[in-house]
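Heads up: the structure comes next, in structure tokens.
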There are 2 protein chains.
Amino acid sequence: MNAKAILQEHVARITPLSNEQFDYFFSHFTPQSYKKGETIIAPGKAVGHEYFVLHGCLKSFYRTDQGKMFILQFAMPTWWASDYEALYNGTRATTTVDCVTAAEVLRLSGADREKLCREVHAVESFFRWRTNRGYVAAQKRLLSFMHHDARQRYEELLQLYPQLYNVVPKQLIAAYLGVSRETLSRLYQP
Amino acid sequence: MNAKAILQEHVARITPLSNEQFDYFFSHFTPQSYKKGETIIAPGKAVGHEYFVLHGCLKSFYRTDQGKMFILQFAMPTWWASDYEALYNGTRATTTVDCVTAAEVLRLSGADREKLCREVHAVESFFRWRTNRGYVAAQKRLLSFMHHDARQRYEELLQLYPQLYNVVPKQLIAAYLGVSRETLSRLYQP
DNA sequence: GTAGTTTTGTGATGTAGGTCACAATATCAG
DNA sequence: CTGATATTGTGACCTACATCACAAAACTAC
């Protein structure tokens with residue numbers, strides 16, 4: 001399935017767009033390819049775009065001064081990623097987005113997203129829905145952090161991203177769970 | 001300042017609505033008063049509305065089987081609260097929303113919100129913006145949970161809700177921070 | 001006011017998970 | 001295939017925070 005069809009199916013699941021509307025919508029996206037390990041958004045830099053994943057896997061994360069990494073999200077195909085705080089507020093990135101595996105994405109600029117939202121009501125509706133899902137997911141994860149221990153969060157992660165287990169280094173799983181890699185290593189066989 | 005003026009100022013800060021548009025928007029809200037401790041949304045029940053706080057303070061929280069409480073949000077004046085997962089998906093509430101203090105709110109039904117979003121493009125734009133802020137805030141709190149200890153989170157909370165300290169029992173502060181009340185008590189004077 | 005309930009402080013003790021160190025594997029480039 | 005690099009497993013020890021228990025305040029309702 002090609003890029004256009006993947007995006008179209010993703011959008012149509014939420015908001016019906018006419019073919020003309022979708023063509024117009026799609027014309028604002030730019031395809032990009034990245035190699036494994038490439039950085040798409042770097043902390044301290046301006047953030048102009050968000051990214052819709054077609055193939056591969058991205059991660060967005062925060063790195064502390066001591067070099068510790070905390071993963072906010074893995075972005076699998078049909079997921080979106082960016083530093084949304086920076087993108088919306090026009091501030092510099094505080095997080096990094098890079099490639100866990102080689103990836104193909106569609107890039108949309110923040111300015112074009114706002115323009116599309118203004119011009120096409122259904123597009124704004126789509127983005128409202130999408131952000132909403134993200135909000136609810138973030139709250140659930142927050143709750144999980146508050147009342148589940150590392151092992152429970154690990155099991156939730158496998159539910160949420162079943163494909164992930166074989167694809168990404170365990171270090172990254174640990175960074176998503178918010179535990180040390182040593183602790184994660186001890187979780188799966190006592 | 002009356003209810004209408006408070007809401008109007010809040011909305012105008014994000015999205016300019018004409019007076020006619022705002023009157024129409026406002027006509028879908030119902031004022032409600034609650035006493036301290038009253039429950040607005042209860043787990044297991046259907047959720048039909050969201051709530052805009054005019055005066056007082058609400059909290060939304062999750063309670064575990066063991067009776068532990070974890071606070072997702074304190075809702076101060078001009079904040080919104082509901083069980084958004086339930087409201088959007090039409091499922092039963094998994095969280096509780098109740099009153100930390102006596103409160104006055106404006107109530108909007110989920111159905112009316114969707115109707116307004118369909119009818120008035122600027123309203124949809126407002127709600128997209130609002131959810132976005134919530135999403136970014138939830139991600140920041142998530143990060144804070146991952147790499148800050150209890151004392152640091154406590155200091156962040158005082159930044160975010162300076163008024164809160166004198167208004168709500170410390171137990172609730174602890175439930176927001178995700179620590180036991182004993183630990184919180186030991187934090188502020190080592 | 002006084003009695004009852006709720007909220008807070010403080011000590012003693014237990015535990016999940018962090019940190020450091022080093023060995024055992026994978027993975028990758030040439 | 002071979003050395004170099006990155007990733008994992010495992011032990012020893014440490015620390016932040018939970019839990020339990022009980023005392024001291026602080027609100028509430030008569």
Side-chain angles (χ1 to χ4, degrees), chain A residues 34-39 56-57 59 61-71 74 96 98-102 142-158 164-190, chain B residues 35-39 56-57 59 61-71 74 98-102 142-158 164-190:
Chain A
Y34 296 101
K35 283 182 292 203
K36 178 172 174 174
E38 254 192 282
T39 296
C57 178
K59 66 178 192 285
F61 63 95
Y62 178 79
R63 196 186 291 281
T64 66
D65 323 335
Q66 300 87 210
K68 288 218 245 173
M69 176 170 77
F70 296 98
I71 294 180
F74 290 110
T96 310
D98 70 9
C99 298
V100 175
T101 67
L142 202 47
L143 268 182
S144 173
F145 255 92
M146 291 198 267
H147 77 282
H148 289 152
D149 63 17
R151 157 163 281 118
Q152 290 171 302
R153 296 204 301 280
Y154 173 65
E155 267 143 30
E156 284 169 13
L157 176 65
L158 294 188
L164 207 68
Y165 186 78
N166 323 292
V167 179
V168 319
K170 308 261 181 293
Q171 297 192 74
L172 298 187
I173 308 258
Y176 181 92
L177 296 176
V179 299
S180 68
R181 51 166 208 84
E182 292 95 329
T183 295
L184 176 62
S185 160
R186 282 165 180 127
L187 281 186
Y188 37 68
Q189 86 271 9
Chain B
K35 283 183 292 201
K36 178 173 175 173
E38 255 191 282
T39 296
C57 178
K59 66 178 192 286
F61 62 96
Y62 178 79
R63 196 185 292 280
T64 66
D65 322 335
Q66 300 87 211
K68 289 218 247 173
M69 175 171 76
F70 296 98
I71 294 180
F74 291 109
D98 69 9
C99 299
V100 175
T101 66
L142 202 48
L143 268 182
S144 172
F145 255 93
M146 291 199 268
H147 77 281
H148 289 151
D149 63 16
R151 157 164 281 120
Q152 289 172 302
R153 295 204 302 280
Y154 173 66
E155 267 144 30
E156 283 169 15
L157 176 64
L158 293 189
L164 206 68
Y165 186 78
N166 323 291
V167 178
V168 318
K170 308 261 181 294
Q171 297 193 72
L172 298 188
I173 308 259
Y176 181 92
L177 296 177
V179 298
S180 67
R181 50 166 208 82
E182 293 95 328
T183 296
L184 176 63
S185 161
R186 289 183 243 260
L187 282 185
Y188 38 69
Q189 86 268 7

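Reminder, nothing fancy here: chain letters follow the sequence lines and each chain counts from 1. It should be emphasised that the depicted structure is a prediction, and the values quoted were computed from it without experimental measurement.
- Atom NZ in B:K170 sits about 14 Å away from atom C1' in C:dT6, given to the nearest Å.
- Aromatic ring orientation, A:Y154 versus A:Y188: tilted (interplanar angle from 30° to 60°).
- Here the side chain of A:E155 pairs no donor or acceptor atom with the backbone of A:Q152 at under 3.5 angstrom.
- Between the two ends of the helix from C:dG1-D:dC30 to C:dG30-D:dC1, each summarised by a five-pair axis, the helix axis turns through 60° (rounded to 10 degrees).
- Taking NZ of B:K68 as the reference point, atom CE of A:M146 lies at 11.5 Å (rounded to 0.5 Å).
- A donor-acceptor pair is defined here as one N or O able to donate and one able to accept, closer than 3.5 Å; such a pair exists between the side chain of A:R153 and the backbone of A:H148.
- Summarising the geometry, atom CD1 belonging to A:I173 is positioned 5.5 Å from atom CZ belonging to A:F74; distances are rounded to the nearest 0.5 Å.
- Residues passing the ring pair (Phe, Tyr, Trp, His ring centres under 6.0 Å) test with B:F145: none are found, sequence neighbours excluded.
- For A:I173 and D:dT8, the CD1 to P distance is 9 Å, given to the nearest whole Å.
- The environment of A:K170 atom NZ is dense: over 12 non-hydrogen atoms of other residues, nucleotides or ligands sit within 6.0 angstrom.
- Per the geometry, CG belonging to B:L177 stands 16 Å off C1' belonging to C:dT8, to the nearest Å.
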(message) At under 4.0 Å between heavy atoms, how does the protein contact nucleotides 17-30 of chain C? Give one character per nucleotide, 5' to 3', with B, S or -.
(response) SBBBB------S--
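- In this structure, CD of B:Q152 is placed 12 Å from C1' of D:dA16, rounded to the nearest angstrom.
- Without hydrogens or angle criteria, A:T101 side chain to A:C57 main chain gives a donor-acceptor distance under 3.5 Å.
- Atoms CD (B:Q171) and P (D:dA26) sit 16 Å apart, rounded to a whole Å.
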